[in-house]
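Counting convention: from 1, in listed order, for ligands and their atoms alike. Because only heavy atoms are used, hydrogens play no part in the values below, and waters and symmetry mates are left out as well, while side chains stay in. In what follows, residues are counted from 1 in the order of the sequence shown.
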Amino acid sequence: MKKVVSFDLDGTLVSAKFGDMVWNHGIPEAYAEKYSMPFNDARMFIVKEYASVGDSSILWYQIEYWLKKFDLRITAQELLEKYEAFIEPIPGAKEVIESLRNTYMLIIASNAARIFVEKELAYTNFGCYFDHSISATTDYNMVKKQAAFYEKVCSMLNVLPEEVIHVGDHEIFDFKVPSDMGIEAYHFRESGAQILDQGLEENNGRVIYNLTELLDKL
Ligand SMILES: [Mg+2]
């Protein structure tokens, strides 16, 4: 008997565009300004710096770390406000959470820092649908890439992995890791990927290309 549906946030319920603007536009822009260099050069440099750390490291998600590293005066809060108009729900997100909340406890399990999670939930008005929102990196000081994260979530909610469904767009963090520990996980892929995936069967029907597919599966 499933009790909880856990959702990743960025790229799953909310478009990745917002994060992309903050990280790959806002920070390079501030850097270009401060060091008087062309925006594209600043962006190339900064994207390389991110890549040298990688999304398996907790530093990747800590915006304060990067602002300090690049010695930028703009605050994280200012950056998030500047680009908030880019916060866009993924098609079907509202319909799905509105429908599932009657049957399941809904939670957010995100790698994004808490300030991003709060901002996105407030701006979309999605916050009211969720019983808990967890920022793995801010609240648990870990990256959602290991069983330990999901174990901690289960123990916090006092449920077994078998009682949890998780949905997200990262193949390892949101799909392989939770699947391997007995969570019923769904890998959300953008609809354009369906053509590329044709003929692939290794995911056993656990890949979805539209969030509303969940309503038939659960
Ligand atoms: Mg994601």
Side-chain angles (χ1 to χ4, degrees), residues 4-27 47 50-51 53-63 66 80 83-84 86-94 96-97 100 106-124 126-127 129-130 132-150 152-153 164-181 183-194 196-197 203 206-214:
V4 176
V5 183
S6 157
F7 286 93
D8 170 54
L9 187 58
D10 293 311
T12 301
L13 295 178
V14 175
S15 151
K17 216 182 279 171
F18 170 61
D20 184 47
M21 286 304 289
V22 171
W23 291 101
N24 300 325
H25 192 93
I27 293 181
V47 166
Y50 295 155
V53 161
D55 67 357
S56 291
S57 164
I58 195 162
L59 291 178
W60 167 281
Y61 305 91
Q62 292 173 341
I63 191 163
W66 295 103
L80 267 59
Y83 296 105
E84 67 180 10
F86 289 91
I87 300 175
E88 261 176 26
I90 295 279
K94 188 168 185 222
V96 167
I97 54 181
L100 294 180
L106 302 187
I107 69 163
I108 296 288
S110 173
N111 265 334
R114 174 147 290 284
I115 52 166
F116 283 84
V117 174
E118 301 279 334
K119 184 91 192 162
E120 291 171 49
L121 290 181
Y123 198 81
T124 52
F126 283 175
Y129 297 102
F130 293 90
H132 298 277
S133 67
I134 301 153
S135 157
T137 52
T138 305
D139 301 341
Y140 291 177
N141 199 35
M142 56 166 80
V143 178
K144 181 184 63 173
K145 61 172 182 186
Q146 47 193 345
F149 168 75
Y150 290 98
K152 200 161 171 163
V153 171
V164 178
I165 292 153
H166 179 76
V167 187
D169 68 317
H170 195 293
E171 188 174 10
I172 312 290
F173 303 171
D174 293 308
F175 183 65
K176 290 222 159 76
V177 171
S179 295
D180 285 348
M181 59 178 289
I183 289 174
E184 183 177 321
Y186 291 92
H187 183 200
F188 174 57
R189 302 251 292 148
E190 51 190 330
S191 53
Q194 197 157 10
L196 300 170
D197 286 359
N203 291 319
R206 295 286 178 82
V207 180
I208 56 169
Y209 301 92
N210 189 313
L211 289 175
T212 55
E213 288 176 50
L214 284 172

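Without hydrogens or angle criteria, Arg114 side chain to Ser133 main chain gives a donor-acceptor distance under 3.5 Å. Formation of a donor-acceptor pair under 3.5 Å by the Thr137 side chain with backbone atoms of Ile58 is not found in this model. Under the 3.5 Å distance criterion, the side-chain polar atoms of His166 are left unmatched by any main-chain donor or acceptor of Val5. Looking only at distances, no side-chain donor or acceptor of Ser135 sits under 3.5 Å from a matching main-chain atom of Ser110.
Protein-derived N/O/S atoms nearer than 2.8 Å to the Mg ion (ligand 1) total 3, waters excluded.
In terms of the side-chain hydrogen bond (donor to acceptor under 3.5 Å, both in side chains) criterion, Tyr50 has no residue partners (sequence neighbours excluded).
Checking Ile108, Asp8, Val167 one by one against Leu13, the side-chain contact (heavy atoms from CB on, under 4.5 Å) holds for a single residue, Ile108.
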